[in-house]
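All heavy atoms count here, side chains included; hydrogens, waters and symmetry mates do not. Here is the naming used below: chain letters follow the sequence lines, and residue numbers restart at 1 for every chain.
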There are 2 protein chains.
Amino acid sequence: MDTPASADREGISRIERMCIERGLKMTGQRRLIARVLSESEDHPDVEELYRRAVAQDSRISIATVYRTVRLLEEKGILERRDFGGGRARYDQADRGQHYHLIDVDTGKVIEFADPRHQALAQEIAARLGFELVDHRLEIFGRRFPEGKAPPGPRRPAKPQDET
Amino acid sequence: MDTPASADREGISRIERMCIERGLKMTGQRRLIARVLSESEDHPDVEELYRRAVAQDSRISIATVYRTVRLLEEKGILERRDFGGGRARYDQADRGQHYHLIDVDTGKVIEFADPRHQALAQEIAARLGFELVDHRLEIFGRRFPEGKAPPGPRRPAKPQDET
DNA sequence: ATAGGTGCAAAAAATTTGCTTGGAT
DNA sequence: ATCCAAGCAAATTTTTTGCACCTAT
């Protein structure tokens with residue numbers, strides 16, 4: 001059968017393009033997940049990705065979502081994160097070095113960049129005899145008391161995103 | 001019954017003392033876990049803690065280990081860590097601020113301290129309108145090629161400890 | 001005495017996998 | 001046509017929990 005506009009319709013997502021570059025077989029499901037990911041500004045977990053995907057096309061199973069994020073992580077397209085909610089969450093790998101601040105009261109995650117940490121991490125790795133491969137920094141913080149934020153639990157609320 | 005030398009025998013572990021300070025009921029199992037933890041220089045997961053505990057006294061179940069580390073975390077005696085191996089790992093909370101470097105080839109974890117990060121994290125939190133509650137830094141590195149370390153997988157080997 | 005801890009096994013929760021069918025190349 | 005992907009459900013893996021019994025206080 002012919003595939004109408006097989007590879008250059010208006011709607012090729014950024015992540016789909018990365019998949020193609022890496023020679024991945026593009027099924028409808030992968031295309032869908034790629035689109036959902038490309039449109040996501042936050043750090044969804046698999047359950048959430050599945051929800052967003054199903055909303056667009058129900059012909060996808062959660063097993064496929066698991067298999068796909070795993071594949072994309074292996075291909076360096078996604079990075080797996082752990083913000084403490086018990087579920088792995090995913091972040092696009094090509095957004096440049098950035099870090100996360102988690103609001104311990106609300107669980108919201110805020111991204112930030114700071115070039116100084118990179119240099120510091122590099123230096124420390126070298127001091128210990130390693131070359132820097134990657135590094136992660138998570139800051140847990142509490143919004144300055146503008147109202148009255150009661151002292152919350154030590155363990156942050158299940159992380160959610162700022163969106 | 002009398003407890004011979006109830007609270008000042010040679011063998012009260014550091015963590016047991018912290019438990020007592022916080023008014024926890026000290027059972028044989030808790031004492032044992034406290035001792036195992038106090039003697040651990042690394043970052044064991046629950047399975048490993050269980051193994052070490054059973055080796056000293058088999059009258060303990062893994063459910064109790066889970067319940068106990070959870071309790072100790074709530075009491076601020078332990079901190080839960082995630083180094084990517086799929087299992088939670090535990091670190092004594094009172095060792096001062098320190099960070100971890102994970103060897104991506106071997107999975108070994110090395111601790112280090114660096115006061116500059118604390119200041120930086122503080123400053124960043126403030127800039128974003130938060131007060132600093134906690135922060136974590138993990139560096140993933142590869143030992144400098146003294147032999148020939150082939151480029152390994154992106155995901156580190158299941159973290160093990162340096163011990 | 002009694003509140004709370006423990007063991008055991010079952011339940012949950014998150015993720016992976018075997019197998020058959022379906023679809024991309 | 002071939003090989004890999006997807007669906008589904010069962011299996012794994014990690015952690016939690018219900019309940020009857022036991023123990024530190």
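A search for salt bridge (charged side-chain N to carboxylate O under 4.0 Å, His left out) contacts involving A:Arg127 returns B:Asp114, not counting sequence neighbours. Listed by chain and number, the residues in a salt bridge (charged side-chain N to carboxylate O under 4.0 Å, His left out) with A:Arg35 amount to none (sequence neighbours excluded). Applying the side chain to side chain contact (heavy atoms under 4.5 Å, CB included) criterion to A:Ala88, with sequence neighbours excluded, gives A:Arg80, A:Tyr90. Applying the salt bridge (charged side-chain N to carboxylate O under 4.0 Å, His left out) rule to A:Glu138 yields no partners; only residues at least two apart in sequence or on another chain are considered.
Relative ring orientation between B:His98 and B:His43 is described as tilted, the plane-to-plane angle lying within the 30° to 60° band. The aromatic rings of A:Tyr99 and A:Phe112 are tilted relative to each other, their planes meeting at an angle between 30° and 60°.
Rounded to whole angstrom, the span from the CZ atom of A:Arg31 across to the C1' atom of C:dA24 amounts to 9 Å. A straight line from CG of B:Leu49 to P of D:dT15 spans 11 Å, rounded to a whole angstrom. Atom pair B:Arg80:CZ and D:dT14:P shows a separation of 14 Å (rounding to whole Å applied). Atom C1' of nucleotide D:dT14 and atom OH of B:Tyr90 are separated by 11 Å, given to the nearest angstrom. Spacing between atom CG of B:Asp82 and atom C1' of D:dT13 amounts to 15 Å, rounded to whole angstrom units. Going from atom OH of B:Tyr66 over to atom P of C:dA13 covers 15 Å, rounded to whole Å. The nearest whole Å value for the distance from the CG atom in B:Leu32 to the P atom in C:dT6 is 11 Å. Residue B:Glu74 contributes atom CD, which lies 11 Å from atom P of C:dG5 at whole-angstrom precision.
Mapping B:Met26 and B:Glu47 onto DNA chain D via the closest heavy atom, the residue that lands nearer the 5' end is B:Glu47.
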Nucleotides 1-7 of chain D: which of its N/O atoms have a protein N/O under 3.5 Å away?
{"from": "D:dC4", "atom 1": "O4'", "to": "A:Lys25", "atom 2": "NZ", "distance (Å)": "3.3"}
{"from": "D:dA5", "atom 1": "OP1", "to": "A:Arg30", "atom 2": "NH1", "distance (Å)": "3.2"}
{"from": "D:dA5", "atom 1": "OP1", "to": "A:Arg30", "atom 2": "NH2", "distance (Å)": "2.9"}
{"from": "D:dA5", "atom 1": "O5'", "to": "A:Arg30", "atom 2": "NH2", "distance (Å)": "3.4"}
{"from": "D:dA6", "atom 1": "OP1", "to": "A:Thr27", "atom 2": "OG1", "distance (Å)": "2.7"}
{"from": "D:dA6", "atom 1": "O3'", "to": "A:Gln29", "atom 2": "NE2", "distance (Å)": "2.6"}
{"from": "D:dG7", "atom 1": "OP1", "to": "A:Gln29", "atom 2": "NE2", "distance (Å)": "3.0"}
{"from": "D:dG7", "atom 1": "OP1", "to": "A:Arg59", "atom 2": "O", "distance (Å)": "2.4"}
{"from": "D:dG7", "atom 1": "OP1", "to": "A:Ile60", "atom 2": "N", "distance (Å)": "3.3"}
{"from": "D:dG7", "atom 1": "OP2", "to": "A:Ser61", "atom 2": "N", "distance (Å)": "3.0"}
{"from": "D:dG7", "atom 1": "OP2", "to": "A:Ser61", "atom 2": "OG", "distance (Å)": "3.3"}
{"from": "D:dG7", "atom 1": "OP2", "to": "A:Thr64", "atom 2": "OG1", "distance (Å)": "2.5"}
{"from": "D:dG7", "atom 1": "N7", "to": "A:Arg67", "atom 2": "NH2", "distance (Å)": "2.8"}
{"from": "D:dG7", "atom 1": "O6", "to": "A:Arg67", "atom 2": "NH2", "distance (Å)": "3.2"}

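Atom CD1 in A:Ile102 sits 13.0 Å away from atom CG in A:Asp105 (nearest 0.5 Å).
End-to-end axis angle of the helix from C:dA1-D:dT25 to C:dT25-D:dA1, from C1' rotation axes over five pairs per end: 40° (rounded to 10 degrees).
Using a distance-only test at 3.5 Å, with no hydrogens or angles considered, a donor-acceptor pair links the side chain of B:Arg30 to the main chain of B:Lys25.
Under the 4.0 Å criterion applied to side-chain N and carboxylate O atoms, A:Arg51 and A:Glu47 are not assigned as salt-bridge partners.
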